There are 2 protein chains.
Amino acid sequence: MVEETKRSTTTTPAAPAPAATRGRIDKRRAILAAAEAVFTREGYTLAGIDAIAAEAGVSKPTIYNHLGGKENLFRTVVVEAAIESSGRILAALEVFPTDAEELHPRLTAIAHRVVQCQAGEKGWALQRLVYAEAARFPDLYDTIREGGTVRIVDALAGRLARLAHGGHLDIDDPVTAANQFLALISGDLPTLTALGTRPVDDAALHRAVTAGVTTFLRAFTPRAQSAGPPAPGTGEGAPASGTLTAPPRR
Amino acid sequence: MVEETKRSTTTTPAAPAPAATRGRIDKRRAILAAAEAVFTREGYTLAGIDAIAAEAGVSKPTIYNHLGGKENLFRTVVVEAAIESSGRILAALEVFPTDAEELHPRLTAIAHRVVQCQAGEKGWALQRLVYAEAARFPDLYDTIREGGTVRIVDALAGRLARLAHGGHLDIDDPVTAANQFLALISGDLPTLTALGTRPVDDAALHRAVTAGVTTFLRAFTPRAQSAGPPAPGTGEGAPASGTLTAPPRR
DNA sequence: GTTAATTTTTACTCGCGAGTTTAGTTAACT
DNA sequence: AGTTAACTAAACTCGCGAGTAAAAATTAAC
């Protein structure tokens with residue numbers, strides 16, 4: 001990156017087109033990108049400003065000019081990453097079934113995309129960072145939560161409430177149900193990814209997500225439904241929705 | 001000027017606390033206890049050997065004598081804490097229902113005790129430590145998992161399998177069900193404790209655990225059971241097992 | 001083309017913490 | 001007694017990383 005500047009001392013920053021108010025704003029982007037990479041790779045304390053500067057192709061004081069000290073840099077990186085990540089998850093929830101048609105496979109597809117966002121490199125790295133520095137920056141979790149998690153749960157709860165209102169799901173408390181849905185589909189994530197230190201086994205992940213959706217639907221599918229609503233469809237290991245069609249009552 | 005200091009040094013180290021030396025080798029215990037406290041309070045990097053030594057009432061070289069450097073000390077602390085924590089959880093699983101009698105309240109009680117172990121100061125601190133240093137000590141998670149999590153899941157899966165075998169639960173894959181049970185009862189834990197940085201709201205925790213058990217039973221209770229199997233019992237906020245008897249459809 | 005502005009760079013300060021060394025002290029063992 | 005082994009206290013080494021100051025270069029303006 002910025003290979004042009006490699007020219008020994010004759011740096012050609014190439015502040016090109018914009019005659020706007022500021023000329024060097026792309027440096028900020030580079031710094032933030034590099035900081036995210038280094039922070040997620042090394043953690044807060046091990047990450048050195050010098051390393052970030054090197055990776056950004058920028059010198060150390062530049063970082064102090066654009067963003068304050070290390071702490072502010074960290075906060076900025078984490079918050080931006082959280083916003084982006086939760087945005088992706090919200091986008092995945094955008095297309096949500098509104099009826100019982102093919103509910104199981106469609107929910108599974110959505111769940112899988114949500115989990116992919118969490119299991120991805122950036123998602124887990126962010127998670128680890130926040131966990132790691134929760135003692136040092138206690139407010140970060142609140143910030144992320146209010147800006148990300150809460151919105152995700154709310155969105156999901158709204159979708160679930162609509163399904164419940166239509167009689168397709170038997171849900172009392174949509175927020176609780178949303179939390180449980182998320183817990184069911186991503187509960188195995190730490191194990192499967194070894195806290196994000198290993199690449200995910202996609203097959204196992206898919207199996208776990210499918211099983212989570214199956215259990216969720218087994219819990220919240222209305223009992224009185226006539227035709228089997230949670231179509232077996234992607235029958236994997238655990239669905240066993242055969243039992244869903246209610247065996248003889250004792 | 002220095003000679004004067006020499007003089008004073010001869011007198012200074014004398015007259016330590018007479019009861020200072022209780023035993024010989026239980027210093028190790030003191031060191032580990034202090035290290036656990038400091039590590040969990042400050043995190044790996046911020047924790048200083050000096051602080052640990054001070055808190056243990058021990059001098060710095062003693063730490064290097066008994067346990068190697070900082071890294072080994074950390075590993076020892078984490079592994080021991082994990083063993084102890086998982087031992088408590090296994091103990092909580094010891095008394096497990098073997099029939100459908102009072103299943104919901106009894107499962108809730110067990111779940112609550114399990115969650116308490118995870119939500120407690122030590123549990124969360126351990127979790128945060130492992131998360132935080134997963135990048136630096138990738139093997140730690142595996143160690144803890146093999147020594148703790150796996151045994152817990154296995155034990156729980158065995159108990160669930162017994163219930164399923166007796167026809168009291170409708171479970172295909174006990175291991176998956178065990179994971180889901182754990183996910184359901186402790187999925188809200190990060191939120192409720194703010195990653196362990198805040199004291200838990202016991203009422204909210206109890207509510208979340210109860211809701212998790214309710215959902216679990218709604219998913220896995222055989223449909224053929226006569227009277228409402230998951231007895232309302234500890235009705236709190238979300239149980240609403242009333243909905244289990246099919247609510248008005250819209 | 002010169003000047004004045006702001007970046008960027010190079011090189012520095014400064015503090016902190018891990019790990020070690022030394023000297024001196026207490027307690028146990030024979 | 002005398003010897004040995006564990007422990008303490010304090011000073012020291014050493015490396016590393018955050019933050020800063022002043023020089024150097026580049027751009028924008030005139």
Side-chain angles (χ1 to χ4, degrees), chain A residues 1-2 4-31 34-35 38-39 42-75 136, chain B residues 1-31 34-35 38-39 42-75 133 136:
Chain A
M1 40 197 89
V2 208
E4 202 59 41
T5 47
K6 276 303 160 203
R7 276 288 138 85
S8 70
T9 53
T10 57
T11 51
T12 319
T21 49
R22 296 260 180 97
R24 314 284 188 277
I25 306 206
D26 16 270
K27 296 272 172 145
R28 192 189 150 101
R29 283 231 168 274
I31 292 171
V38 177
F39 275 136
E42 317 264 4
Y44 180 73
T45 4
L46 255 60
I49 297 285
D50 300 274
I52 297 174
E55 189 145 334
V58 157
S59 75
K60 193 163 30 162
T62 307
I63 295 182
Y64 284 88
N65 282 346
H66 281 251
L67 307 127
K70 193 184 186 184
E71 176 173 335
N72 193 25
L73 178 58
F74 181 71
R75 294 194 125 90
R136 208 184 326 218
Chain B
M1 55 254 312
V2 185
E3 61 278 8
E4 196 57 48
T5 319
K6 274 291 186 193
R7 285 279 173 133
S8 56
T9 43
T10 38
T11 52
T12 305
T21 55
R22 0 178 214 263
R24 259 298 180 257
I25 308 290
D26 46 15
K27 297 271 168 131
R28 193 188 149 101
R29 285 234 166 271
I31 293 172
V38 176
F39 275 135
E42 317 265 3
Y44 180 73
T45 359
L46 256 59
I49 296 286
D50 299 275
I52 296 175
E55 189 145 333
V58 156
S59 76
K60 192 153 47 152
T62 306
I63 295 183
Y64 285 88
N65 282 346
H66 281 252
L67 307 126
K70 195 184 185 183
E71 175 173 335
N72 193 26
L73 178 58
F74 181 71
R75 294 195 124 92
E133 308 303 331
R136 207 184 326 216

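None of these values were measured; they are calculated from a predicted model. Chain letters run A, B, ... following the sequence lines, proteins first, then strands; residues in each count from 1.
- Rounded to an integer number of Å, the gap from CZ of B:Phe74 to C1' of C:dG17 is 17 Å.
- Ring geometry, B:Tyr44 versus B:Phe74: the interplanar angle exceeds 60°, so the pair is classed perpendicular (tilted spans 30 to 60°).
- In terms of phosphate contacts, A:Ser59 brings no side-chain nitrogen or oxygen within less than 4.0 Å of OP1 or OP2 of C:dT8.
- In this structure, the nucleotide among C:dA18, C:dT9, D:dT20 sitting nearest to the side chain of A:Thr62 is C:dT9.
- When heavy atoms are screened at a 4.0 angstrom cut-off, A:Ala47 is found touching the sugar-phosphate backbone but no base atom.
- Residue-to-nucleotide contacts include a donor-acceptor pair under 3.5 Å from the side chain of B:Lys60 to the base of C:dG19.
- In this structure, CG of B:Leu46 is placed 8 Å from P of C:dG17, rounded to the nearest angstrom.
- Among the atoms of the strands shown, only primed sugar atoms or phosphate atoms (P, OP1, OP2) are found under 4.0 Å from some heavy atom of B:Gly57.
- Between the side chain of A:Lys27 and the main chain of A:Ala56, no donor-acceptor pair closer than 3.5 Å is present.
- Straight-line distance from the CG atom of A:Asp50 to the P atom of D:dA18: 7 Å, rounded to whole Å.
- Between the P atom of C:dA18 and the CG atom of B:Leu67 lies a distance of 15 Å, rounded to the nearest Å.
- Put simply, CZ on B:Arg29 is 20 Å from C1' on D:dC7, counting in whole angstrom units.
- Using a 4.0 Å cut-off, no side-chain N or O of B:His66 falls inside it from OP1 or OP2 of D:dA6.
- The nearest heavy atom of DNA chain D to A:Pro61 and to A:Ile49 marks one nucleotide each, and the one closer to the 5' end goes with A:Ile49.
- One atom, NZ of A:Lys27, and another, C1' of D:dT26, lie 11 Å apart when rounded to the nearest Å.
- Of all non-hydrogen atoms in B:Tyr64 and B:Gly69, the two that sit nearest each other are CE2-CA, 3.9 Å.
- Residues B:Lys70 and B:Thr45 come closest through the heavy atom pair NZ-O, 3.5 Å.
- If you check every strand for non-hydrogen atoms under 4.0 Å, A:Asn65 touches a base.
- In plain terms, the two heavy atoms of B:Ala34 and B:Ile52 that are nearest each other are CB-O, 3.7 Å.
- Distance CD1 (B:Ile63) to C1' (D:dT8): 12 Å, rounded to an integer number of Å.
- Atoms CG (B:Asn72) and C1' (C:dA18) sit 15 Å apart, rounded to a whole Å.
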